[in-house]
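Got a structure here, written out as structure tokens. Questions coming.
In what follows, every chain begins at residue 1, and chains take the letters A, B, ... in the order their sequences are listed. Reckoned from all heavy atoms, side chains included, excluding hydrogens, waters and symmetry mates. Being a predicted model, the structure only gives us computed values, none of them experimental.
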Number of protein chains: 4
Amino acid sequence: MGAVKTKRMPRAVREQQMLDAAVRTFGQRGYMAASMDEIAELAGVSKPLVYLYLNSKEDLFTACIRREGTALTEAVRAGARPGLPADRQLWSGLTAFFTHTARHPDGWAVLHLQARTHGEVFAAEVAAMRAEIVAFVTQLILAAARDAHRDPDLPEREVSGLAEALVGAAESLADWANATPGVTARQSAATLMNFAWAGLGDLMAGRRWTPPDDSGPITGATGAQTGRTSPVT
Amino acid sequence: MGAVKTKRMPRAVREQQMLDAAVRTFGQRGYMAASMDEIAELAGVSKPLVYLYLNSKEDLFTACIRREGTALTEAVRAGARPGLPADRQLWSGLTAFFTHTARHPDGWAVLHLQARTHGEVFAAEVAAMRAEIVAFVTQLILAAARDAHRDPDLPEREVSGLAEALVGAAESLADWANATPGVTARQSAATLMNFAWAGLGDLMAGRRWTPPDDSGPITGATGAQTGRTSPVT
Amino acid sequence: MGAVKTKRMPRAVREQQMLDAAVRTFGQRGYMAASMDEIAELAGVSKPLVYLYLNSKEDLFTACIRREGTALTEAVRAGARPGLPADRQLWSGLTAFFTHTARHPDGWAVLHLQARTHGEVFAAEVAAMRAEIVAFVTQLILAAARDAHRDPDLPEREVSGLAEALVGAAESLADWANATPGVTARQSAATLMNFAWAGLGDLMAGRRWTPPDDSGPITGATGAQTGRTSPVT
Amino acid sequence: MGAVKTKRMPRAVREQQMLDAAVRTFGQRGYMAASMDEIAELAGVSKPLVYLYLNSKEDLFTACIRREGTALTEAVRAGARPGLPADRQLWSGLTAFFTHTARHPDGWAVLHLQARTHGEVFAAEVAAMRAEIVAFVTQLILAAARDAHRDPDLPEREVSGLAEALVGAAESLADWANATPGVTARQSAATLMNFAWAGLGDLMAGRRWTPPDDSGPITGATGAQTGRTSPVT
DNA sequence: GATGAATGAGGCTTCATTCAT
DNA sequence: AATGAATGAAGCCTCATTCAT
């Protein structure tokens, strides 16, 4: 298996082949379990060449994160056409997102699962890209509010929280869709729109769900734990 | 650091100490990066004893998943009191969930980050528990629909999708809350209720967001990719 | 070859065996050319055990330097009995030195050749020990001067220079003796005593060799000399 | 950094550039730690060219040893003008030696530190050149004895030992001078002349330091002595 | 005359795991 | 019930060296 063993390729091409192999391996095995040996073999190249071009396992992983992160961000931006009304933009952005994550499951695994689990440096790398997307979604929500002539009393901070929740839900749905055969991007997007958009619309109309008073030890009760020696983990 | 070095403890106690140490180490370092050496030292025990009681690294990790998974499931179930109306049950279940994940961040990391990243076996273990919770939430939503005497023909499959989305959003929020100092469980729960409940309510009232016709190459357009040799990864 | 493969030794013993093997290998192959594999095999032990006890190649090398340096220093000190007149002390100190370097050629190679050639850290380690010996020799020379009632006009700084030269000559002779079969420690010591002691004696008597004026480009002198009027030392 | 990248130089020039880079790298990093990559880059040349001209790392190192050895030998010979009296010849030869080693510290390191530490082949290469110098010094000492009309029966073997000691002391001083800022070649030469010449002079006048009888196990004396009656040299 | 592309081999280090007590 | 002593296997990385142009 692996790329056909073609000799003497220009550096730029070989580098992409290596990144392809790396994304696939990292995505499937995980950062630590992926071995440089396997990546090199999958890329159809000897290990020293990987090091010559990509420096180290860490750098290789970072390069994967950057490439996949950029690709995802651009896919979403390209999906959400600026001219449309905000709800349509959100819809098409989400569709683009689910389409991309479905087409590049390993890239998505690298970004969403691996990069966040193996060191601050990697986590920061994706956090920056995620922040971009959250900001983008925040703008969409604000635009939607403007379109509906309702902006004045929507605190920015709350909108950010909603954007966070929306993006988080989308991420979870992407994982779920990738793990569940037969779910299309459109279905995922529709589910999320139904779930979220109506909620947002109502929120903007002033209706909200009101939490009850804190009524005692309901939620915190550690009571009969399952084993655990020390109180905190 | 680690447990005080006391000799000759009964087996059950020692085992819990080991699991404590393992959950902490796995949660912070990740499955692969966690070394049996570190776990044994943190547990205040020699390595052979860990093997004597827990057999292998895989078994140890599985034991962690089981213990933490059970603890989380039970916390949520205990939080959602059967007698209350469905929305209150959901609220208190979510609060219990966020409280638990905040109190046991390493356990949560083991379940949500590590177990899903290191092999089918572990992933299956958590998938089962997650399915339980999704089913539980599905029941709550259906109950809420019944309570409101609405939409008796809501297709089960769609409700499942909503439950998935809700649970996914909760998971994302839990990660986010653990990474953001100063966010309480009640705040997380309120954010999610605001975001979701209204949406659900409207959905049940019959209003829904309607996806547009699939109008061409909007979402799929891979067009100018960033490098990538083969079209799919 | 290598130590007989005896199982289950106490740690202290195994450590010495490892150091023995390491000194031999480092001394003969050089620091970089010596492989941990070879050392472990010569020690009759698996590589992981070497790492468990000695941490890293650098630490192992440092341990070698320390052990051999201490042994040499102590051999010299033990050789030069305090009660004797200074010249006899010097003689017996030198004899002890040459005896030790002849008996432990690998240790001597580690100290004199390898440690000085592979990084500041190692060099500093031996420099400290060498300084001890130079100081010791300086004391002997001063004592000899006192014995001869000649001290008043011997500048300390000059004596240090002489001690440096003496120690340097001894080191070179030790290398030479180790490379030349049939040279005994007593012979080396006698050569050096003859060479040096008489010179020192005359120096103390006030006679010195006077360098000629700088007579042009004969020696390739850089031109920009320090400009000292008195050309001495 | 490194040589300015000029294309198409005649072979002889390129070779010298490579040797320059090699001497510098070998001198500073050591034989094993020096990489062909670094040497090629410092020479401003691609690696295959280095191999084309100099064949292998071993050959390159040998070429360095030869070039630097020849340069040093010639510098010393050129310094010691044949017409002068022996002591003056020694003085100017030493000055030339210290001047050269100070001007070419990397070359000196290659000869004195590296070549002797990495295999018989290299060591033999320098040993031959060193032998030349020792022979030369031996001649000077004998000439000095003749000039002074003394001790016509000074055994050649003893004179060789003295020459060895003198050369060894010079080498040590050269290392020390290179490591100690502010020491000039003239100062080094003067120190050594003061230290040695007087000793030699006295030796020639018949005075010698007499080693005591071997008085027991003090020094650990090796036992098998040469059996000479006069225990000296 | 000169080089970008490529690799076999080997070194340092760590890990999960077991044995003998 | 518990551990000090020990190792096979594997991973990251670098290097001297060559091929094809």
What do you reckon, is CZ of B:Arg11 surrounded by more than 12 foreign heavy atoms closer than 6.0 Å?
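Buried by this count: over 12 neighbours within 6.0 Å.
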
Grab the CE-C1' distance between A:Met18 and E:dT7 for me, whole Å please.
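To the nearest whole Å, that distance equals 12 Å.
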
Round to a whole Å and report the spacing from CD of B:Glu41 to C1' of F:dG4.
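Atom-to-atom, B:Glu41 to F:dG4, this comes out as 15 Å.
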
Any base atoms under 4.0 Å from B:Arg11, or only sugar-phosphate, or nothing? Heavy atoms, all strands.
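No contact.
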
Minimum side-chain heavy-atom gap D:Ile65-D:Leu111 below 4.5 Å
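Yes. Closest side-chain heavy atoms under 4.5 Å.
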
Can you check the D:Gln17 CD to E:dG1 C1' distance for me, whole Å?
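Whole-Å distance recorded here is 14 Å.
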
Go through D:Tyr31 and D:Thr117 one step at a time and tell me if the side-chain contact (heavy atoms from CB on, under 4.5 Å) criterion holds.
CA-CA 9 Å; D:Tyr31 175 65; D:Thr117 329; over 6 Å; no

Given D:Arg67 and D:Gln16, is the side-chain contact (heavy atoms from CB on, under 4.5 Å) satisfied, shown in steps?
CA-CA 10 Å; D:Arg67 191 182 80 166; D:Gln16 288 308 316; 2.5 Å; yes

Considering Watson-Crick and G-U wobble pairs with both distances under 3.5 Å, what does F:dA20 pair with?
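WC or wobble partner is E:dT3.
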
Please give, in whole Å, the distance from F:dA16 C1' to D:Leu54 CG?
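Atom CG in D:Leu54 sits about 14 Å away from atom C1' in F:dA16.
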
Output the rounded distance in Å from CG (A:Leu60) to C1' (F:dG11).
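About 15 Å, once rounded to whole Å.
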
Heavy atoms under 4.0 Å is the rule here; annotate nucleotides 14-21 of chain E 5' to 3' with B where the base is hit, S where only the sugar-phosphate is, and - elsewhere.
BBSBBBS-

B:Leu54: which of B:Asp59, B:Leu19, B:Leu49 passes side-chain contact (heavy atoms from CB on, under 4.5 Å)
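Of the listed options, the one satisfying the test is B:Leu19.
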
Check this one for me: any side-chain N or O of C:Arg14 less than 4.0 Å away from OP1 or OP2 of F:dG4?
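Checking F:dG4 against C:Arg14, no side-chain N or O comes under 4.0 Å of OP1 or OP2.
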
Using heavy-atom distances to pick each residue's nearest nucleotide on DNA chain E, tell me which of A:Leu49 and D:Tyr53 is more 5'.
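Per heavy-atom nearest nucleotide, the more 5' residue is D:Tyr53.
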
Among C:Arg116, C:His112, C:His118, which residue meets the side-chain hydrogen bond (donor to acceptor under 3.5 Å, both in side chains) test with C:Gln114?
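Going through the options one by one, the only one that passes is C:His118.
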
Would you mind reading off the distance between D:Leu52 atom CG and E:dG4 atom P, rounded to a whole angstrom?
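My rounded result for the distance is 15 Å.
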
Sort out the partner of F:dC13 for me: Watson-Crick or G-U wobble, both distances under 3.5 Å, none otherwise.
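Partner of F:dC13: E:dG10.
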
CE of A:Met9 versus P of E:dA6: gap in Å, rounded?
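From A:Met9 CE to E:dA6 P: 8 Å.
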
Given side-chain contact (heavy atoms from CB on, under 4.5 Å), test B:Gln17 with B:Met9 step by step and report yes or no.
CA-CA 10 Å; B:Gln17 288 179 344; B:Met9 319 253 308; 3.5 Å; yes

